[in-house]
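Heavy-atom basis, side chains included; hydrogens, waters and symmetry copies ignored. Just so we're clear, the structure is a prediction, and the values are computed from it rather than from any experiment.
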Amino acid sequence: MSTEHQSLVAALRAPSPCCSFEFFPPKDDDGEAVLWQTIADLEPLDPTFVSVTYGAGGTSQERTVRITARIAEQTSMRPVGHLTLVGQTRGEIESVLKQYAASGVDNVLALRGDPKGGPRAPWEPHPDGMTYAVDLVELASQMGLFEIGVAAFPEGHPDAESLDRDAEVLVQKARAGAQYAITQLFFRASDYFGLVDRVRALGSDIPIIPGIMPILNFAQVARMAELSGAEMPAEVLAEIDPIRDDKVAVRAKGIELATQLCRDLLAGGAPGLHFITLNRSKATREIFERLRAEGLV
């Protein structure tokens, strides 16, 4: 389905499921060449949108903004610009929003971001900056130029005192102007649907898109899960642990598990799937093609 003449939020609320891809800003020119090849490989899949993250601790902002703008200008894909509060004044954040708007990027993902010391380090706001993602949502909303997405946490944000409180924060962001949410990686469909149920019970119908990361490299995904507060469930470990030293077998099992997770999510009414690609296209295409062959996307 082409979404060229449809807003992103309208596409997310449409009956047919959406598909989107997440990239990260490469550290050097070689990495950027790999990223542009991946973008070229995935463009024919006609994603509803693609997004480019900020580097850890707010680094790589300039490269993020430049790559996002180039996607808007040189491809058929709709980019969503990430923006965090880390190490930036309110004025600098406004400047980035204006850069996005000037480049034709009219969708942003408003995130607090991880502290410079890593996701589990204590949060230290910039003296002239902002403290909470909801503050960024309000700023972007006041500018009136963007559709605004935010992060969601199926297993709760690491700083949240409870799952219920975590859901309340997401609803606060929706009331401040956020129009959709994208989740952190997770491995159990029940965690996603639990979050959706908690948010719906609070009276919000904000679309919540599940973030999918297949386990292709066990140590890498386990580390990312630990940092983001996601748990590697016992049932996943039981499948991966016996083969963890066989890279080919881990990759095949990771794709199988991710494909089944996608099936379960779509069957339960998820509005789409957001693939965390790590700037590589092959596994994402394999999962996508299996789902398409089954008529699910």
Residue pair Ser51 / His82, side-chain donor-acceptor N/O under 3.5 Å:
yes
If every non-hydrogen atom of Pro47 is compared with every non-hydrogen atom of Leu42, which pair is closest and at what distance?
CD-O, 3.9 Å
Has the side chain of Glu147 got a donor or acceptor atom that lies under 3.5 Å from a matching backbone atom of Asp106?
no
Verdict with reasoning, Arg165 to Glu168, per salt bridge (charged side-chain N to carboxylate O under 4.0 Å, His left out)
CA-CA 5 Å; Arg165 177 61 190 143; Glu168 288 168 8; 3.2 Å; yes
Search all heavy atoms of Phe193 against all heavy atoms of Leu265 and return the closest pair with its distance.
CZ-O, 3.5 Å
Just jot down the salt bridge (Lys or Arg N to Asp or Glu O under 4.0 Å) partners of Glu294, sequence neighbours excluded, or say none.
Arg263
On a heavy-atom basis, which atom in Leu296 and which in Pro17 lie closest, and how many Å separate them?
O-CG, 3.3 Å
His274 and Phe49 aromatic centres sub-6.0 Å:
yes
Smallest separation among heavy atoms of Lys27 and Arg63, with atom names
O-NH2, 3.7 Å
Checking Gln88 side chain against Thr84 main chain: does a donor-acceptor pair fall under 3.5 Å?
yes
Shortest non-hydrogen contact between Ile148 and Ala110, atoms and distance
CG2-CB, 4.1 Å
Scanning both residues in full, the closest heavy-atom pair of Ala258 with Ile212 reads CB-CG2, 4.3 Å
Does one hydrophobic cluster hold both Val236 and Leu261, with members joined at side-chain heavy-atom distances below 4.5 Å?
no
Any donor and acceptor pair, going by atom type alone, linking the side chain of Thr75 with main-chain N or O of Ile71 inside 3.5 Å?
yes
List the steps, then state whether salt bridge (charged side-chain N to carboxylate O under 4.0 Å, His left out) holds for Arg112 with Asp159.
CA-CA 12 Å; Arg112 188 197 73 174; Asp159 294 347; 3.3 Å; yes
Should the pair Phe186 and Tyr192 be assigned to parallel (<30°), tilted (30 to 60°) or perpendicular (>60°) ring geometry?
parallel
Which class fits the ring pair Phe153 and His157: parallel under 30°, tilted 30 to 60°, perpendicular over 60°?
perpendicular
Testing the 3.5 Å rule here: is there a donor-acceptor pair between the side chains of Glu22 and Thr53?
no
Carboxylate-amine/guanidinium proximity below 4.0 Å for Arg70 and Glu73
no
Is the count of non-hydrogen atoms from other residues, nucleotides or ligands lying under 6.0 Å from Arg200 atom CZ greater than 12?
yes
Evaluate the side-chain proximity of Ile287 to Leu291: yes if any heavy-atom separation is below 4.5 Å, no if none is.
yes
